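See below for the structure under consideration.
Along the sequence shown, residues are numbered consecutively beginning with 1. From a predicted model like this one, the values you see are computed outputs, not experimental measurements.
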Amino acid sequence: MLPGRRACVGLDHGARSGAGHNLAWRVATRWNDMATLSTSAWVLHELGLAAGFGGPLFGRLALHQAVKDIHSEAERGKVLADAWQRYNLVNAISLGTAAATWFIGRTMISGRSIDEETRSLVRLKDFLLGATLATSLVNMVSGREMSEQAPGRAVPIRDGDTPSPRTPAKAAGLQQLLNVMGPLNIALTAGVIGVTTVLAMKSGRSTKWSFISRLLP
């Protein structure tokens, strides 16, 4: 081979090698950016579920019983309504963030890329998360409507779960509805957390799912 031709071949090989390195660098950079975004989404997802579970659980088990220490039944209702009104904003943001991070991540994978067991778990989480959002909305609307059954949101109640003889009929009915929907919402949120944990454990056992799960919170 002539010296000039060898030089041209060397230059061509160097150009192709340089292009390959640049492509690999761009792919690696993009993957690192996606991994960073996925990690951030995962953190937000977990914090959203924690707030969406812990707040209502505290309200049901502690706050609803603690208001009995207030002498006035009307004041009990007002304190309870004010507390839930404040937390409902936190709850809405928390569960909304958890749902948004999950469903956005879901759009980045296809059903063919995961096995049947994982596909079933993902669908189960879709259902549980959707039901959690629906029951949360019912609780927020019902709680607000209940508080409006007396001036100043001071609906007389025996405690957070029990109406008193002075409780307006509509408010008493809404309180009974909340006694069903509140625990149901907590159970559904716990289910979401449980399925999320199972999916995380599967990612530790499967190399393929570990790679795909980086796209999901």
Within the 4.5 Å heavy-atom criterion, are [X] and [Y] side-chain neighbours or not?
X	Y	value
Pro156	Pro168	yes
Trp42	Thr101	no
Gln176	Val180	no
Lys125	Leu121	no
Arg158	Pro165	yes

## Note on the structure
Quick note, ring pair (Phe, Tyr, Trp, His ring centres under 6.0 Å) partners involving residues 56-99, not counting sequence neighbours, are His64-Trp84
### Task
Provide the full list of ring pair (Phe, Tyr, Trp, His ring centres under 6.0 Å) pairs with a residue in residues 116-144, sequence neighbours left out, each pair given once.
none
### Query
Going through the distances and angles, do Lys78 and Glu75 end up as a salt bridge (charged side-chain N to carboxylate O under 4.0 Å, His left out)?
CA-CA 5 Å; Lys78 180 173 174 53; Glu75 191 65 22; over 6 Å; no
### Message
If you count heavy atoms of other groups shown closer than 6.0 angstrom to CZ of Arg60, is the number above 12?
### Response
yes
Minimum heavy-atom separation for [X] and [Y], please, with both atom names.
X	Y	value
Ile157	Thr167	CA-OG1, 3.9 Å
Asn91	Ala51	OD1-O, 4.2 Å
Thr196	His45	OG1-NE2, 4.1 Å
Leu133	Ala99	CD1-CB, 3.6 Å
Gly52	Leu95	CA-CD2, 3.9 Å

Shared ILVMFWY cluster between [X] and [Y], side chains joined below 4.5 angstrom?
X	Y	result
Met140	Leu174	no
Leu199	Leu128	yes
Leu129	Leu188	yes
Leu44	Phe53	no
Leu61	Ile186	yes

If you measure from [atom1] on [X] to [atom2] on [Y], what distance do you get to the nearest 0.5 Å?
X	Y	atom1	atom2	value
Leu177	Glu145	CG	CD	9.5 Å
Asp161	Leu80	CG	CG	8.5 Å
Asn179	Leu184	CG	CG	12.5 Å
Asp159	Leu63	CG	CG	10.5 Å

#### Entry: Side-chain donor/acceptor of Ser142 to backbone N/O of Asn139, under 3.5 Å
no
### Message
I'd like to know if the side chain of Arg76 reaches the main chain of Ile70, judged simply by a donor and an acceptor atom lying under 3.5 Å from each other, with no hydrogens or angles considered.
### Response
yes
### Task
Sorted by first residue and then second, give each salt bridge (Lys or Arg N to Asp or Glu O under 4.0 Å) pair with at least one member in residues 64-74; sequence neighbours left out.
Glu73-Arg166
